[in-house]
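What follows is a single structure, and I will ask about it in a moment.
Chain naming here is simple, since letters A, B, ... match the order of the sequence lines and numbering starts at 1 in each.
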Amino acid sequence: MNISKKYAPGLIFITVALTFGITAAFNYKFGTAQRPGAALFPIAVSVLLFLVGLASIATSATKELAYLDLKALAIIVAGLVSFAVCTAYINMAVGIAAMVYVTSFAIKEQTPKYQNLKIIAVLLIVAAAFKYALGMNLPLWK
Amino acid sequence: MEIINNLSMGFATALTLQNLMWCMLGCVIGTTIGLLPGLGPVVTISLLLPLTYHMPTVSAIIMLAGIYYGAMYGDSVSAITMKIPHAASIITCIDGHQMHLQGRTGLALFAAGISSFIGGTIAAVLIGAIAVPLGEVAFLFGPAEYSLLMLLGLMCVGLVTTGNFINGLGIACVGILLGMVGTDVNSGMLRFTAGIIELADGIGMVSIALGFFGLAEIVKNLENHKTAIAFGGKFKLIPSWADFKRIIPSALRGSAVGSVIGLLPGGGAVMAQFGAYVVDKKFSKYKDEIGHGSIEGVSAPCAADEAAARTSFIPLMTLGIPENAVMALMLGALTMKGIQPGPGMIIDHPALFWGLIASMWIGNVFLLILNVPLVRFWLSIFKIPYSLLFPGILFFCCVGTYSVNSNINDVYIVAALTVTGYLFLKVGLDAAPLLLGFILGPMLEEQFRRQMIIGRGDLTSFVHSNTAIVLVSIIVIVILVGLFRLSTPLFKNRFNVQ
């Protein structure tokens with residue numbers, strides 16, 4: 001997917017500014033100058049960000065397009081999510097295996113047979129070392 | 001006399017077996033990532049940040065610093081032998097690779113190693129000498145001055161960022177807003193949590209660092225990663241006396257230039273290398289040879305980037321202003337440990353500060369050993385394929401994120417931030433200012449609201465002292481420089497090198 005480098009930064013800024021600014025304006029107190037409330041600072045920053053967003057669109061001269069590799073991104077996110085889901089519901093050892101397996105789809109080069117299994121084995125040893133040698137609280141086997 | 005006492009305290013801290021081990025580990029990791037394509041010090045520090053959560057503060061900072069300056073060493077080796085500079089050695093590449101092609105690889109590697117050692121040592125002495133007077137500035141700071149100092153730090157984004165000033169400012173504002181997610185310290189109210197109770201403590205520093213720096217960069221690397229072919233030839237490392245005599249003056253000039261540039265906001269390793277190269281091209285006895293494979297073209301930039309990597313700690317440690325992405329991550333690491341860098345840090349945490357300085361010297365010796373006699377071993381590292389490296393990196397991300405709070409929901413937050421971070425990276429938004437805003441923003445808000453209460457809502461109460469007036473003047477200058485950069489192609493092009 002391609003997106004415009006000229007408009008994207010400005011549009012991102014405007015979106016973030018509106019999201020935070022509107023949330024702050026409707027939910028938190030503005031306070032007074034003597035006693036500023038929780039909304040004052042976020043609204044001030046949001047207004048500044050909104051203006052910066054407009055300025056970014058107005059001053060940007062680039063015509064470049066940015067290519068987004070959605071497949072690579074999706075694989076990494078899927079790897080993280082599979083790790084989290086498996087760790088939450090089964091244990092971290094399964095989470096690590098799931099993460100290695102899912103993310104191996106992102107590798108374009110030819111890999112030797114059983115490479116995933118070998119990687120999982122090494123990572124489990126490292127995780128066990130973290131747990132037992134460094135005393136980290138990892139639910140490796142639950 | 002005071003400096004000797006301080007340094008001996010520093011060495012007592014840095015020379016404990018534990019800290020020596022972390023320093024060495026940092027140097028080894030740093031050299032490795034300096035050599036490997038696709039991983040710079042910023043990515044690596046962000047990936048290892050969660051693991052430092054379980055380490056003592058001094059050890060953590062010593063290791064992270066070792067990674068940073070170790071990467072500078074490693075980078076010059078890959079720049080010389082394979083013409084692949086990743087972190088900073090763009091300038092070293094010019095003469096270094098020429099020397100390699102002329103069959104003088106050993107000499108180039110030796111010059112790089114020894115010059116980096118000289119640069120690092122001189123900069124460490126300089127930090128020891130000027131940090132104390134700068135640290136005493138702390139006594140001049142109240143809420144108003146702190147607010148202005150943080151505002152100055154945020155304004156420096158225009159100089160820190162590799163993109164343009166406007167986008168730098170914008171992304172810093174995004175960082176400030178992300179920093180406000182969680183409980184408002186003044187009113188105790190939950191802000192921007194969207195009803196998710198896990199966000200009551202705010203978004204973690206580790207999640208931000210991993211999402212915006214580590215994983216976003218990994219996704220980008222996956223798009224088109226190339227496997228480098230290792231250099232397997234033979235070379236002689238020990239130079240002749242005549243060659244050695246040429247290295248020293250050039251390394252000294254490079255150290256001086258690098259130390260000064262390292263102190264300036266935005267003056268990263270690339271600027272230092274470039275500055276040293278220009279100075280040598282003007283003042284060296286062999287200036288005509290520079291650009292065609294001369295020793296000076298290697299030793300001056302190598303000494304300069306190593307010196308700059310160390311002196312860039314001074315603005316962070318004394319004023320709390322990080323001047324590049326690595327320093328922003330260091331600031332994050334310190335904040336995570338409950339230490340607020342800035343005026344007063346040297347006085348409040350002397351063992352940490354002087355331990356770090358002493359470890360820089362020790363790290364230098366480690367790096368000299370690692371990079372001169374053992375350089376052949378390091379060159380074999382290129383044989384590691386990315387398909388093996390990549391699951392390991394993700395493993396560190398996942399386990400590291402989880403281990404900070406023993407909370408698996410943090411991994412989901414990292415996943416969401418990775419999507420955002422990748423989008424930012426691809427549209428050319430540099431995430432360093434975001435980190436700066438994320439850390440400084442909430443502090444700025446707190447100090448600002450405190451001063452508003454003290455000053456009874458009067459904005460002029462912010463400029464009640466000479467220190468405040470000086471800070472306001474600097475802020476105005478920084479804004480003017482930022483606007484000037486916007487309109488000057490020379491300044492725009494300067495950062496395209498990075």
*Side-chain touch B:Thr418/A:Leu80, heavy atoms, less than 4.5 angstrom*: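 With C-beta onward as the side chain, the pair touches.
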*Please state whether the side chain, the backbone, both or neither of A:Ala24 comes within less than 4.5 Å of a heavy atom of chain B.*
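For A:Ala24, heavy atoms of backbone and side chain both lie under 4.5 Å from chain B.
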*Measure B:Phe192 against the heavy atoms of chain A and call it side chain, backbone, both or neither at under 4.5 Å.*
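Both parts, backbone and side chain.
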_Between B:Leu210 and chain A, with a heavy-atom cut-off of 4.5 Å, which part of the residue counts as in contact: side chain, backbone, both or neither?_
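For B:Leu210, neither part sits under 4.5 Å from chain A.
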*asked:* Can you tell me which portion of A:Val85 sits under 4.5 Å from chain B's heavy atoms? Options are side chain, backbone, both or neither.
replied: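 Both backbone and side chain.
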_Heavy-atom contact with chain B under 4.5 Å, split by part of A:Ala44_ =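 Neither part.
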_Contact class of B:Leu215 relative to chain A, heavy atoms under 4.5 angstrom_ =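 The side chain, not the backbone.
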_When A:Ile120, A:Ile119, A:Val100, A:Leu65 are compared by non-hydrogen pairs under 4.5 Å with chain B, the top option_ =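 Looking at each of A:Ile120, A:Ile119, A:Val100, A:Leu65 in turn, A:Ile119 comes out on top.
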*Select, from A:Met99, A:Arg35, A:Lys71, the one with the greatest count of heavy-atom pairs under 4.5 Å involving chain B.*
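Highest number of pairs under 4.5 Å: A:Met99.
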*Which region of A:Ile76, side chain (C-beta onward) or backbone (N, CA, C, O), has a non-hydrogen atom less than 4.5 Å from a non-hydrogen atom of chain B, or is it both or neither?*
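Answer is side chain: those atoms of A:Ile76 sit under 4.5 Å from chain B.
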_If you count heavy-atom pairs within less than 4.5 Å of chain B, which of A:Val45, A:Leu138, A:Val77 leads?_
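Max contact count across the listed options: A:Val45.
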*Looking only at atom types and distance, does a side-chain atom of A:Tyr28 sit under 3.5 Å from a main-chain N or O of B:Met189, one as donor and one as acceptor?*
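Side chain of A:Tyr28 to backbone of B:Met189, a donor-acceptor pair under 3.5 Å: no, none is there.
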*What are the two closest non-hydrogen atoms of A:Val126 and B:Phe395, and how far apart are they?*
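Here A:Val126 and B:Phe395 meet closest at CG1-CE2, 3.7 Å.
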*Contact summary for A:Pro42 and B:Met180, nearest pair of heavy atoms*: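 Here A:Pro42 and B:Met180 meet closest at CG-SD, 3.6 Å.
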*Picking from A:Thr32, A:Asn27, A:Ile12, which has the most non-hydrogen pairs under 4.5 angstrom with chain B?*
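Maximum pair count with chain B is reached by A:Ile12.
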_Shorter than 4.5 Å, heavy atoms on both sides: which option in A:Val16, A:Leu123, A:Val52, A:Thr103 has the most such pairs with chain B?_
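Option with the top pair count is A:Leu123.
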*Side chain, backbone, both or neither: which part of A:Phe130 has an atom under 4.5 Å from a heavy atom of chain B?*
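Side chain of A:Phe130 only, per the 4.5 Å heavy-atom cut-off to chain B.
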*Between A:Ser4, A:Ala66, A:Pro9, A:Ala8, which residue shows the highest count of heavy-atom pairs closer than 4.5 Å to chain B?*
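Max contact count across the listed options: A:Pro9.
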_Euclidean distance, A:Phe20 CZ relative to B:Cys173 SG, rounded to 0.5 Å_ =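 Nearest 0.5 Å value for the SG-CZ distance: 12.0 Å.
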*Using non-hydrogen atoms and a 4.5 Å limit, figure out which bit of B:Ile453 sits close to chain A: side chain, backbone, both or neither.*
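Both the backbone and the side chain of B:Ile453 come within 4.5 Å of chain A.
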Would you be so kind as to tabulate the donor-acceptor pairs closer than 3.5 Å made by side chains of residues 88-98 of chain A, with sequence neighbours excluded?
unit_1  : atom_1 : unit_2  : atom_2 : d
A:Asn91 : OD1    : A:Ala93 : N      : 3.2
A:Asn91 : OD1    : A:Val94 : N      : 3.0

*Check whether A:Ile75 gets within reach of chain B through its side chain, its backbone, both or neither, counting any heavy atom under 4.5 Å.*
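It is neither, since no heavy atom gets under 4.5 Å.
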*Provide the full list of salt bridge (charged side-chain N to carboxylate O under 4.0 Å, His left out) pairs with a residue in residues 4-31 of chain A, sequence neighbours left out, each pair given once.*
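Qualifying pairs, neighbours excluded: A:Lys5-A:Glu64.
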_A:Phe13 versus B:Leu429, closest heavy-atom pair with distance_ =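 The answer is CZ-CD2, 3.8 Å.
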_side chain to side chain contact (heavy atoms under 4.5 Å, CB included) for B:Leu177 and A:Ser46? Distances and angles first, verdict last._
CA-CA 8 Å; B:Leu177 291 172; A:Ser46 299; 3.9 Å; yes
*Begin from the C-alpha positions of B:Leu423 and A:Ile3 and carry the test side chain to side chain contact (heavy atoms under 4.5 Å, CB included) through to its verdict.*
CA-CA 10 Å; B:Leu423 181 68; A:Ile3 48 170; 3.6 Å; yes
_Restricting to non-hydrogen atoms, name the atom on B:Tyr412 and the atom on A:Val81 that form the minimum distance, rounded to 0.1 Å._
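Smallest interatomic distance, heavy atoms only, reads CE2-CG1, 4.2 Å.
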